[in-house]
Amino acid sequence: MKTQVISSRVLMVLVGIIAIAFGAFYLIGYDNPYEENPAFNAPKLTNIILIITYLLIIGTIGLTVFSLVMAYRNRNKSAAVVNNVPAARIAYIISGSVVLLLVLTFLLGSSAPMTINGVQYAQTLWLKTADMFIYTALIMLIAAIVAVAYTSLNIKR
């Protein structure tokens, strides 16, 4: 089987599992009142969504580490420059920049406690981690928009 066929089948299976899980989440016991405060919902299948999310995160991290190790072991020194473009240098700079951005946004993230639905959350690690992902995603989206705009304007000149 070709890699493209395998990846498209894996994607379709994952999309199917996620669609079924979320469909069941909203259709089976979604309107259960929360025992301590009936104003809130306590869906019955919340644990299934959490388990799927954890499995996807663990699988993604595992595949990322595996891919990085395999790419590093099988890299070809002759592919460092492709059509006079320093591809290897660009890849290293981007990878290092993303890691640096993640570390900086984690360090600069807020650890101030938050009250959500009447419950106070004060775990510094998770508050900073949430800020890290939010700020990193925003910065990368802004960088992508600027790059697309710059490229579009550069082509029209």
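Note that these values count all heavy atoms, side chains included, but never hydrogens, waters or copies made by symmetry. Remember, it's a predicted structure, so these values are computed and weren't measured experimentally.
No side-chain heavy atom of Y92 sits under 4.5 Å from any side-chain heavy atom of R89. You'll find the side chain of P33 stays beyond 4.5 Å of the side chain of F40, heavy atoms only. The side-chain heavy atoms of N41 and N32, taken from C-beta on, include no pair separated by under 4.5 Å. At a threshold of 4.5 Å between non-hydrogen side-chain atoms, the residues I93 and S97 count as touching. Between M12 and R9 there is no side-chain heavy-atom pair separated by less than 4.5 Å. Side-chain contact check for I18 versus L56: some heavy-atom pair is nearer than 4.5 Å.
Taking all atoms of both residues into account, the shortest heavy-atom contact from T124 to S111 is CG2-CB, 3.5 Å. Of all heavy-atom pairs between K128 and F106, the closest is NZ-O, 3.3 Å. Shown here for A21 and I48, the closest heavy-atom pair between the two residues is CB-CG2, 4.4 Å. The nearest pair of heavy atoms linking P43 to F25 is CB-CE1, 3.5 Å.
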From CA spacing to verdict: side chain to side chain contact (heavy atoms under 4.5 Å, CB included), V69, R73: CA-CA 6 Å; V69 168; R73 289 178 64 197; 3.9 Å; yes
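Following chains of ILVMFWY side-chain contacts shorter than 4.5 Å, one can reach V103 starting from W126, so the two form part of one hydrophobic cluster. Put simply, V146 and V148 are part of two different groups of oily side chains (I, L, V, M, F, W, Y) that touch within less than 4.5 Å, one to the next. Taking hydrophobic clusters as Ile, Leu, Val, Met, Phe, Trp and Tyr residues chained together by side-chain heavy-atom distances below 4.5 Å, M140 does not share a cluster with L100. Residue Y135 is not grouped with residue M114 when hydrophobic side chains (ILVMFWY) are merged at heavy-atom distances under 4.5 angstrom, including chains of intermediate members. Linking Ile, Leu, Val, Met, Phe, Trp and Tyr residues whenever their side-chain heavy atoms come within less than 4.5 Å places I17 and I28 in a single cluster.
The one candidate from I57, L55, I51 that meets the side chain to side chain contact (heavy atoms under 4.5 Å, CB included) condition with T53 is I57.
The aromatic rings of Y26 and Y30 sit tilted relative to each other, their planes meeting at an angle between 30° and 60°.
For Q4, the CD atom counts as loosely surrounded, since its 6.0 Å shell holds 12 or fewer non-hydrogen atoms of other residues, nucleotides or ligands. Sparse packing is recorded around CZ of F22, with 12 or fewer heavy atoms of other residues, nucleotides or ligands lying under 6.0 Å away.
A distance-only check finds a donor-acceptor pair linking the side chain of N37 to the backbone of A39 [under 3.5 Å]. Remark: the backbone N or O of S110 is paired with a side-chain donor or acceptor of D131 at under 3.5 angstrom.
With rounding to the nearest 0.5 angstrom, the OG1 atom of T136 is 4.5 Å from the CG atom of L101. Rounded to the nearest 0.5 Å, atoms CG (L125) and CE (M132) are 9.0 Å apart. Summarising the geometry, atom CG belonging to N47 is positioned 11.5 Å from atom CD1 belonging to I52; distances are rounded to the nearest 0.5 Å. Rounding to the nearest 0.5 Å places CG of L63 at 11.0 Å from CG of L68. Distance CG/L107 to CG/L102: 11.0 Å, rounded to 0.5 Å.
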